[in-house]
Amino acid sequence: MSDISQLAGLEFNGRQTGSLDDLRSANWVAERFRTLGLQPAAPNPLYAGVSQPWMMSTGVLVSTLTPTATLALTTSTTVTPLQVGTEFLPFLDSPSIDLTAPVTFVGYGIADPSRAYDDYRDIDVAGHIVLVLRGKPTWYEGVASHQSKAHLAHRHGAVAILTVTGPVLTAYEARRGVGLAPLGYVSQPGNDDGARDSLPGAWLSVAAADQILSDTTGGSATLGTLQDSLNHELIPRSRTGRIDARLRWEQRRTQGTLHNVVGYLEGSDPVLRQEIVVIGAHRDHFGRQAGLLFPGADDNASGTAVILEVARALTMSDQRPKRSILFVSFSGEELGLLGSTDFVAHPPRPLSHTTAMINIDHAGVGNGRLTVGVTGMDPSVVREAAARADIAPLVDVYGFFPGGDHVPFKEAGVPTVTVVSGGSHPHFHQPSDTTETIQPEVLTTVAQFVLSVAERLTGGP
């Protein structure tokens with residue numbers, strides 16, 4: 001809890017990737033690694049000559065919204081400003097914008113020629129702001145990413161895009177604890193300047209979306225009823241409202257440096273010590289955006305605190321694991337897994353020697369259960385580890401999770417174990433993700449499980 005309080009406090013200012021706060025938090029983790037008895041990882045030649053032996057660093061684009069961000073709903077007689085953070089939040093990499101335009105609801109914002117389905121059929125959005133539901137209808141099997149929706153809207157002439165999480169959640173969304181509030185979100189993940197050409201936009205609350213839909217050409221409706229219809233009928237429900245939206249904010253972009261921190265615990269077996277298990281968690285969050293601080297206590301100061309605790313337990317043990325361990329504090333996860341992708345591309349030890357990767361994310365809030373994703377290994381490995389930690393009834397094991405720093409490892413052929421605390425994470429990607437919301441008993445269960453899995457995978461006691 002002390003580690004989380006430190007990381008999520010004002011000293012590190014939200015730990016935005018590429019910022020000086022990112023560097024300060026990286027130095028803090030490196031010092032903790034040193035005091036725990038870990039060693040700097042053997043340097044990759046790519047990083048030869050760097051002043052900090054614990055660091056693996058790479059260039060990154062830093063996007064910051066200035067404090068004055070406004071969004072108002074307007075009619076011919078009224079202006080209703082929305083509250084930033086609770087009713088709307090610009091995409092954190094949205095281009096600067098200052099415009100007023102009509103808002104048109106376009107369902108999930110998809111077009112599927114194979115089903116003769118098109119949310120843009122018989123509706124003109126040129127010069128309009130489109131409002132789209134996050135995700136996809138239950139019947140749709142294709143890709144429905146934000147990027148694909150934004151590109152489709154742009155092709156139809158839309159000038160901006162508003163996204164909202166509908167109140168009808170899928171089983172996966174409910175299991176991951178997806179909330180309905182506006183989220184901190186990067187619309188164009190990646191380490192380049194392509195975001196300059198992306199469609200400006202923001203995330204809305206359900207209440208704000210309902211206000212837009214209260215007076216439309218198709219008659220008044222709620223977001224929930226429209227979403228339910230779209231999920232069960234292959235009939236577009238697109239409609240133009242009689243409400244305009246005024247969007248105004250400024251985006252500033254600078255070049256920065258991303259910092260991964262890597263600590264090494266050498267294995268005890270003369271042969272097996274050549275093999276590596278990576279235990280990682282991302283450290284970065286969103287920093288200060290639109291005048292709001294995003295502390296990132298659950299996401300992911302909690303995971304960082306867990307790897308520090310597991311490192312402490314293993315370094316204090318009388319019996320060292322047979323295989324070696326790399327503890328990695330990644331940055332850049334929130335920008336599209338930049339840090340873990342760079343690590344896999346330039347590993348400090350040969351990736352061919354890496355036998356498994358354990359990733360911890362969102363480890364501090366929930367219902368007391370653990371949601372665990374496993375790829376490339378028999379799930380019985382983690383079930384046995386849960387039993388050894390005496391928490392087997394609390395662990396739910398699934399297959400691949402589509403997001404997180406384990407993904408580049410999985411794609412490189414490394415077996416992975418991903419650990420998320422189960423149940424709702426109501427403060428996900430919001431300024432309310434503070435230390436005060438963390439549940440110590442959840443952290444304890446996660447740390448017990450990760451330690452047991454680490455011992456199982458490294459041939460420890």
Side-chain angles (χ1 to χ4, degrees), residues 1-10 12 14-15 25 85-86 89 134 165 167 169-185 203 205 279-287 289 292-310 329-330 333-334 358-373 382 386 389 391 393-398 401-406 417-451 453:
M1 286 299 295
S2 176
D3 288 341
I4 292 173
S5 180
Q6 182 92 15
L7 284 165
L10 294 177
F12 300 131
R15 311 181 305 281
S25 66
T86 57
L89 189 66
R134 172 189 175 275
T165 300
L169 299 179
T170 66
Y172 175 79
E173 290 169 337
R175 187 170 72 241
R176 291 299 303 271
V178 172
L180 303 181
L183 302 182
Y185 179 72
W203 205 295
S205 67
I279 303 177
H282 79 88
R283 182 187 70 255
D284 63 300
H285 202 53
F286 295 134
Q289 301 284 352
L292 303 171
L293 173 64
F294 288 78
D298 181 40
D299 181 20
N300 188 33
S302 65
T304 307
V306 167
I307 67 170
L308 291 171
E309 171 62 9
V310 170
S329 171
F330 295 109
E333 191 269 354
E334 302 289 9
I358 306 170
N359 183 44
I360 308 102
D361 203 349
H362 301 90
V365 175
N367 58 11
R369 304 186 66 81
L370 303 186
T371 301
V372 180
V382 298
I391 56 172
L394 301 177
V395 177
D396 301 312
V397 181
Y398 300 91
F401 286 1
D405 282 319
H406 60 287
V417 178
T418 311
V419 187
V420 179
S421 53
S424 176
H425 293 252
H427 307 284
F428 174 73
H429 282 198
Q430 297 175 59
S432 56
D433 183 9
T434 63
T435 304
E436 290 73 25
T437 68
I438 299 297
Q439 301 163 245
E441 65 279 7
V442 171
L443 283 174
T444 300
T445 302
V446 173
Q448 289 171 335
F449 175 72
V450 173
L451 178 61
V453 172

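Taken from CG in L370 to CD1 in I360, the straight-line distance is 11.0 Å, to the nearest 0.5 Å. Between I358 atom CD1 and I279 atom CD1 the span is 4.5 Å, to the nearest 0.5 Å. Expressed to the nearest 0.5 Å, how far CE of M1 lies from CD of Q6 amounts to 13.0 Å. To the nearest 0.5 Å, atoms OG (S302) and CG (D433) are separated by 8.0 Å.
Nearest heavy-atom pair across S421 and G364 is OG-N, 3.7 Å.
Taking the six-membered ring wherever Trp is involved, the centroid distance between the rings of F428 and H362 falls below 6.0 Å.
Residues H427 and T434 have side chains not in contact (no heavy-atom distance under 4.5 Å, counting atoms from C-beta outward). For the pair V365/I438, a side-chain contact is recorded, criterion being any heavy-atom separation below 4.5 Å from C-beta on.
For H429 (side chain) and G184 (main-chain N/O), a donor-acceptor pair under 3.5 Å exists by modelled atom type. No side-chain donor-acceptor contact under 3.5 Å links T165 to the backbone of R134. Between the side chain of D361 and the main chain of N300, no donor-acceptor pair closer than 3.5 Å is present. A donor-acceptor pair under 3.5 Å is absent between the side-chain atoms of D3 and the main chain of T304, judged by distance alone. Remark: side-chain polar atoms of E333 are not paired, donor with acceptor, to backbone N or O of D284 under 3.5 angstrom.
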>> Run D299 and H282 through side chain to side chain donor-acceptor pair (under 3.5 Å) and show every step you take.
In response: CA-CA 8 Å; D299 181 20; H282 79 88; 2.9 Å; yes
> side-chain contact (heavy atoms from CB on, under 4.5 Å) between T371 and F401: does it pass, once the steps are laid out?
Replying inline: CA-CA 10 Å; T371 301; F401 286 1; 3.3 Å; yes
>> Using the rule given for side-chain contact (heavy atoms from CB on, under 4.5 Å), can you reason through F449 versus V382, listing the C-alpha separation, both sets of side-chain angles and the distance that settles it, and then say yes or no?
In response: CA-CA 9 Å; F449 175 72; V382 298; 4.1 Å; yes
> Would V453 and V372 satisfy side-chain contact (heavy atoms from CB on, under 4.5 Å), going step by step from the backbone distance to the final call?
Replying inline: CA-CA 11 Å; V453 172; V372 180; over 6 Å; no
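Residues that satisfy the side chain to side chain donor-acceptor pair (under 3.5 Å) test with D396, not counting sequence neighbours, are R369. Under the rule for a salt bridge (charged side-chain N to carboxylate O under 4.0 Å, His left out), R15 has no partner lying at least two apart in sequence or in another chain. Checked against side chain to side chain donor-acceptor pair (under 3.5 Å), Q448 has no partners two or more places apart in sequence or in another chain.
Of the N and O atoms on the side chains of H425 and D298, at least one donor lies less than 3.5 Å from an acceptor on the other residue. Side chain to side chain, R283 and S329 meet the donor-acceptor criterion of an N or O pair below 3.5 Å.
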